[in-house]
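Data first, discussion second: the structure below is written as structure tokens.
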Amino acid sequence: MSGRYTITMKNCAFYAYHGVLPEEERMGQRFFVDVIVDVDDAAALADDFTNAVDYGGLYPVVGAVVTERRFQLIEALAAAIAEAVTAYHQAITRVEVAVRKPSVPIPGILDHVEARLVRDVR
């Protein structure tokens, strides 16, 4: 019998310089990222860390994408995170990424803007 399990990393915070406006590039801001991955359950069933998806190692993969590259669109950032996450471990079968930008340059009162991407690997 095969199945899958889910790993969720919620509200990972990073300071970065994404956005269209020059002020966003110059000043930067915090971005919040959720990553949800579905994983083949073989490692979990065997209770074998050597074949498991190490979420401690996954966090810096996400952080590197957010902080080392600059994107105009949070949608593009979400897609780049999804690509890096799926490349991290072959057991990942699905990834969902949400990027939240709390300080958006629009006239209105809101908590944040979020772009969410879902990608099936297989």
Side-chain angles (χ1 to χ4, degrees):
M1 174 176 18
S2 77
R4 64 183 181 187
Y5 63 93
T6 300
I7 296 172
T8 302
M9 296 190 329
K10 284 288 220 187
N11 235 21
C12 305
F14 305 97
Y15 198 88
Y17 299 85
H18 308 295
V20 175
L21 300 177
E23 295 82 13
E24 294 174 305
E25 180 177 8
R26 184 173 49 80
M27 296 177 64
Q29 66 173 293
R30 286 184 299 164
F31 291 83
F32 298 93
V33 178
D34 298 341
V35 176
I36 302 168
V37 292
D38 289 344
V39 182
D40 282 339
D41 68 356
L45 291 173
D47 195 22
D48 181 6
F49 179 75
T50 59
N51 293 322
V53 174
D54 175 14
Y55 47 84
L58 189 56
Y59 183 90
V61 169
V62 175
V65 175
V66 177
T67 61
E68 295 175 9
R69 295 175 57 189
R70 183 172 187 282
F71 296 88
Q72 291 188 7
L73 304 176
I74 59 173
E75 298 92 318
L77 173 57
I81 293 168
E83 182 177 325
V85 166
T86 56
Y88 176 71
H89 200 289
Q90 66 185 9
I92 294 173
T93 60
R94 180 183 175 275
V95 62
E96 182 175 340
V97 177
V99 176
R100 284 182 297 288
K101 183 176 182 177
S103 299
V104 291
I106 60 174
I109 300 170
L110 65 148
D111 186 54
H112 61 266
V113 171
E114 176 179 286
R116 184 172 297 269
L117 174 132
V118 176
R119 183 166 293 157
D120 290 313
V121 179
R122 296 184 201 156

Say whether Val95 and Val61 are linked into one hydrophobic cluster, either directly or through other cluster members, by side-chain heavy-atom distances under 4.5 angstrom. yes
Counting only heavy atoms not in Glu75, do more than 12 fall under 6.0 Å of its CD? yes
Please tell me whether Val65 and Leu117 are part of a single hydrophobic cluster in this structure, the criterion being side-chain heavy atoms less than 4.5 Å apart. no
Are Val99 and Met9 connected in the hydrophobic side-chain network, where two residues link if heavy atoms are under 4.5 Å apart? yes
Should Ile74 and Val104 be counted in the same cluster of Ile, Leu, Val, Met, Phe, Trp and Tyr side chains packed under 4.5 Å apart? yes
CD1 of Ile81 to OG1 of Thr86: how many Å apart, nearest 0.5 Å? 12.0 Å
Taking the six-membered ring for Trp and the full ring for Phe, Tyr or His, determine whether the centres of Phe14 and Tyr59 are under 6.0 Å apart. yes
Is the number of heavy atoms from other residues, nucleotides or ligands within 6.0 Å of CZ (Phe49) greater than 12? no
Expected output: side-chain Thr93 to main-chain Asp38 donor-acceptor under 3.5 Å: yes
Any idea which heavy atoms bring Phe32 and Ala13 closest together, and the distance? CE2-CB, 3.6 Å
Show the atom names and distances, to 0.1 Å, of all donor-acceptor pairs under 3.5 Å that link a side chain in residues 106-116 to residues at least two apart or in another chain.
{"unit_1": "Glu114", "atom_1": "OE1", "unit_2": "Arg100", "atom_2": "NH1", "d": "3.2"}
{"unit_1": "Glu114", "atom_1": "OE2", "unit_2": "Arg116", "atom_2": "NE", "d": "3.2"}
{"unit_1": "Glu114", "atom_1": "OE2", "unit_2": "Arg116", "atom_2": "NH2", "d": "2.9"}
{"unit_1": "Arg116", "atom_1": "NH1", "unit_2": "Glu96", "atom_2": "OE2", "d": "2.6"}

Would you call the rings of Phe71 and His18 parallel, tilted or perpendicular, taking 30° and 60° as the class edges? tilted
Is the side chain of Tyr88 donor-acceptor paired with the backbone N or O of Tyr55 at a distance under 3.5 Å, no angle test? no
Main chain of Tyr17, side chain of Arg70: is a donor-acceptor contact present, judged purely on distance under 3.5 Å? yes
I need the minimum non-hydrogen distance between Tyr5 and Val53, along with the two atoms involved. OH-N, 3.9 Å
Test side-chain contact (heavy atoms from CB on, under 4.5 Å) applied to Val35 and Thr8, Val62, Ile7, the passing residue: Val62
Please examine the side chains of Arg94 and Val118, heavy atoms only from C-beta on, and report whether any two atoms are closer than 4.5 Å. yes
Hey, could you give me the OG/CZ distance between Ser103 and Arg30, rounded to the nearest 0.5 Å? 8.0 Å
Write down the atom of Ala52, the atom of His89, and the distance for their closest heavy-atom approach. O-NE2, 3.4 Å
Reported CD-to-CD distance for the pair Gln29 and Glu23, which is rounded to 0.5 angstrom: 12.0 Å
Would the distance check show the side chain of Asp34 and the main-chain N or O of Asn11 forming a donor-acceptor pair, the cut-off being under 3.5 Å? yes
Identify the two heavy atoms, one from Ala82 and one from Arg119, that lie closest to each other, and give their separation to 0.1 Å. CB-NH1, 4.0 Å
